[in-house]
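Following this message is one structure expressed as structure tokens.
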Amino acid sequence: MPAVETARGPVDLTALGRTFMHEHVFILSTEHLENYGTGAWWDEDERIEDAVTKLRQLVDRGITTIADPTVWGLGRYIPRIKRIAELVPELNIIVATGIYSYDDVPFQFHYRGPGTLLGGPEPMVADFTRDITEGIADTGVKAAFLKCAIDAPGLTPGVERILRAVAATHRETGAPLTVHTHSETNAGRIVVELLGKEGVDLTKVVIGHAGDSNDLDYLMELADTGAILGMDRFGLDLLNPTANRVSTIAALCERGYADRMVLSHDAHCYMDWFGPDPESVRGMAPNWNYRHISDDVLPSLRALNVSEAQIDQMLVENPQRYFNPR
């Protein structure tokens, strides 16, 4: 049986069980944390204890795996994730490699790589490949998927370069990929077109945040390429209310697309984007937590005649197919 790399090492593919395919543990700016957090608003042990409590809510609801697409640009720090994974051994945490940017590449790549001052091969590909094949830094934890982004600014030169680097790493390693997209501008179309031309197996691509859209024609167009729709922002009702998200999934299931959707919240245990107060976002999005799908969304889907087999397809079978190297 193929194995999937997690923060605690490889596990059998069938051991993934019910999987949320887009959940963060922490979203942080490491420079923000190091310069302004320590001794002020960040207590490492307190934050880890809080994360363990929140992640156990997943386990209590029968969720046994999360894919965490926290990469460069979102504050990936694997020693912290590894520590948490050891404290919640019932939950598999699958980590990613890549770069999260809506615009430019990090300065560390401005002058190296194709078309730059120093030229040479794309250094991002070497970094991403090492994370997948050897491990991240000296942690021994290997990334099992790739992550990049395209948002409202569109296909900027930097975003395009990152997308092509992710595609090249996919060709080199076979690792699947998830792309943050901006549904309001139908950015998924750009993703499937570019990645298809780059030789990416689109059945190994999750179009992240596709669930922000209720445009069935757009969503079916993406799914018809073989790509997987990330219905993954449950609880962010200010972007698309839960009732609309549920109705869209039910309509797609009725049309035969249950085999091309995955579910998640895109939630977190702690995020510093809205300031140091961890509760600052709760008033804006009270349902944006790890419990919402299990407690509210699945019953609503069942009420709209989505079958248990279709729910298992989205939560179990599709993630296993995505991570299956074959």
Side-chain angles (χ1 to χ4, degrees), residues 13-23 57-67 69 91-92 94 176 178-179 181 183 186 188 192 202-267 285-324:
L13 193 67
T14 55
L16 296 183
R18 288 201 158 191
T19 301
F20 286 162
M21 284 286 285
H22 196 122
E23 304 290 0
Q57 294 174 346
L58 288 166
V59 176
D60 291 344
R61 287 159 174 79
I63 305 303
T64 47
T65 302
I66 60 170
L91 183 71
N92 303 306
I94 302 173
T178 289
V179 185
T181 66
S183 284
N186 293 342
V192 295
L202 294 179
T203 68
K204 297 295 187 180
V205 177
V206 169
I207 305 299
H209 315 324
D212 288 350
S213 175
N214 301 306
D215 183 341
L216 294 180
D217 290 335
Y218 168 66
L219 295 172
M220 290 188 293
E221 176 189 333
L222 296 179
D224 286 341
T225 70
I228 302 168
L229 303 175
M231 316 305 270
D232 53 24
R233 273 182 165 172
F234 275 104
L236 277 174
D237 289 345
L238 70 169
L239 297 179
N240 191 13
T242 292
N244 291 352
R245 294 179 188 271
V246 167
S247 295
T248 296
I249 291 173
L252 289 169
C253 284
E254 186 178 9
R255 288 162 172 78
Y257 289 94
D259 64 339
R260 276 155 287 176
M261 288 187 284
V262 291
L263 307 181
S264 214
H265 305 91
D266 191 19
N287 292 321
W288 197 25
N289 58 66
Y290 298 139
R291 306 181 302 277
H292 184 43
I293 290 176
S294 299
D295 291 359
D296 306 313
V297 173
L298 296 185
S300 296
L301 286 171
R302 294 182 184 109
L304 291 180
N305 299 316
V306 175
S307 70
E308 292 302 321
Q310 290 171 322
I311 289 171
D312 283 342
Q313 181 91 57
M314 293 184 284
L315 288 177
V316 180
E317 296 171 36
N318 295 344
Q320 287 184 10
R321 188 179 73 246
Y322 174 83
F323 284 113
N324 193 329

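Reckoned from all heavy atoms, side chains included, excluding hydrogens, waters and symmetry mates.
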* Any residue meeting ring pair (Phe, Tyr, Trp, His ring centres under 6.0 Å) with Phe234, in chain and number order, not counting sequence neighbours ->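 Residues passing ring pair (Phe, Tyr, Trp, His ring centres under 6.0 Å) with Phe234: none at all.
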* Between Val262 and Asp232, is any pair of side-chain heavy atoms under 4.5 Å apart? ->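 No, their side chains stay 4.5 Å or more apart.
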* Drop me the distance from Ile63's CD1 to Asp60's CG, to the nearest 0.5 angstrom. =>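 CG of Asp60 is found 11.0 Å from CD1 of Ile63.
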* Asked: Has the side chain of Arg18 got a donor or acceptor atom that lies under 3.5 Å from a matching backbone atom of Gly62?
  ->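 Not at all, since once roles are kept as given, no pair shorter than 3.5 Å links the two residues.
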* Asked: What's the spacing between His292 NE2 and Leu298 CG if we round to 0.5 Å?
  ->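 Answer rounded to 0.5 Å: 10.0 Å.
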* Closest non-hydrogen atom pair, Tyr290 against His265 ->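 Closest approach of Tyr290 to His265: O-CE1, 3.2 Å.
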* Asked: Do the side chain of Lys204 and the main chain of Arg321 share a donor and acceptor less than 3.5 angstrom apart?
  ->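 At least one qualifying donor-acceptor pair exists.
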* Quickly, which of Arg233, His22, Glu23 forms a side-chain hydrogen bond (donor to acceptor under 3.5 Å, both in side chains) with Ser264? Name it, please. =>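 The side-chain hydrogen bond (donor to acceptor under 3.5 Å, both in side chains) with Ser264 is passed solely by Glu23 among Arg233, His22, Glu23.
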* Asked: Side chain of Ser183, backbone of His209: donor and acceptor closer than 3.5 Å?
  ->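 Yes.
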* So, Asp259 side chain and Asn318 main chain: donor-acceptor pair closer than 3.5 Å or not? ->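 Such a contact is absent between Asp259 side chain and Asn318 backbone.
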* To the nearest 0.5 Å, what is the distance between CE (Met231) and CZ (Arg245)? ->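 Between atom CE of Met231 and atom CZ of Arg245 there are 8.0 Å.
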* To do: Could you tell me whether the side chain of Leu252 reaches within less than 4.5 Å of the side chain of Arg260, counting heavy atoms only?
  =>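 Not touching, per the 4.5 Å side-chain cut-off.
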* State, with a plain yes or no, whether a side-chain heavy atom of Gln57 is found less than 4.5 Å away from one of Ser294. =>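 Side-chain contact under 4.5 Å: no.
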* Are side-chain heavy atoms of Met314 and Ile249 found at a separation under 4.5 Å? ->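 Of all side-chain heavy-atom pairs linking Ile249 with Met314, at least one is under 4.5 Å.
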* To do: Locate the shortest heavy-atom distance separating Val192 from Ala227; write the atom from each residue and the value.
  =>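 For Val192 and Ala227, the tightest heavy-atom pair comes out as CG1-CB, 4.2 Å.
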* **Worked verdict on Glu308 versus Arg302 for side chain to side chain contact (heavy atoms under 4.5 Å, CB included)** => CA-CA 8 Å; Glu308 292 302 321; Arg302 294 182 184 109; 2.4 Å; yes
* Does Thr242 offer a backbone N or O that forms a donor-acceptor pair with the side chain of Asp237 under 3.5 Å? ->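 Yes, Asp237 side chain to Thr242 backbone: donor-acceptor pair under 3.5 Å.
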* To do: With rounding to the nearest 0.5 Å, note down the distance linking SG in Cys253 to CE in Met261.
  =>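 The SG atom of Cys253 sits 3.5 Å away from the CE atom of Met261.
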* Hey, mind stepping through Asn240 and Asn214 against side chain to side chain contact (heavy atoms under 4.5 Å, CB included) and telling me if it holds? -> CA-CA 8 Å; Asn240 191 13; Asn214 301 306; 2.9 Å; yes
* Rounded to the nearest 0.5 Å, what separation is found between the CZ atom of Phe20 and the OG1 atom of Thr65? ->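 If we round to the nearest 0.5 Å, Phe20:CZ and Thr65:OG1 are 11.0 Å apart.
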* Going by heavy atoms in the side chains, are Thr64 and Leu16 under 4.5 Å from each other? ->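 A side-chain contact is absent here, since even the closest heavy-atom pair is not under 4.5 Å.
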* Check whether more than 12 heavy atoms from other residues, nucleotides or ligands sit under 6.0 Å from atom CD of Glu254, and answer yes or no. =>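 Open: at most 12 neighbouring heavy atoms sit under 6.0 Å from CD of Glu254.
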* 4.5 Å side-chain heavy-atom contact, Leu238 and Trp288 ->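 The answer is no; the side chains never approach within 4.5 Å.
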* Asked: Between Asn324 (side chain) and Leu13 (backbone), is there a donor-acceptor pair under 3.5 Å?
  ->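 Pair absent, no side-chain N/O of Asn324 close to backbone of Leu13.
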* Asked: How close do Ile293 and Pro299 get, heavy atom to heavy atom, and via which atoms?
  ->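 Result for this residue pair: O-CD, 4.3 Å.
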* Any Val205 side-chain heavy atom under 4.5 Å of Tyr322 side chain ->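 When only atoms from C-beta onward are counted, Tyr322 and Val205 do not touch, as no gap falls below 4.5 Å.
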* Minimum side-chain heavy-atom gap Leu229-Tyr257 below 4.5 Å ->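 No. Closest side-chain heavy atoms not under 4.5 Å.
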* To do: Mind listing the closest non-hydrogen atom pair of Ala285 and Leu236 along with its distance?
  =>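 What the structure gives for the nearest pair is CB-CD2, 4.3 Å.
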* Just by modelled atom types, is the Leu222 backbone N or O under 3.5 Å from a matching donor or acceptor in the Thr225 side chain? ->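 The answer is yes, because a donor-acceptor pair under 3.5 Å joins these two groups.
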* To do: Mind listing the closest non-hydrogen atom pair of Val206 and Met21 along with its distance?
  =>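 Reported closest heavy-atom pair: CG2-CE, 4.2 Å.
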* Considering all heavy atoms, the nearest Ser213-Leu219 contact ->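 Nearest heavy atoms, Ser213 then Leu219: O-CD1, 3.5 Å.
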* Find the distance between CG (Asp266) and CG (Asp212) and round it off to the nearest 0.5 Å. =>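 Atom-to-atom, Asp266:CG and Asp212:CG are 9.0 Å apart.
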* Within the side chain of Thr181, is there an N or O that forms a donor-acceptor pair under 3.5 Å with the backbone of Gly208? ->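 Yes; judged by distance alone, with no hydrogens or angles, the pair exists.
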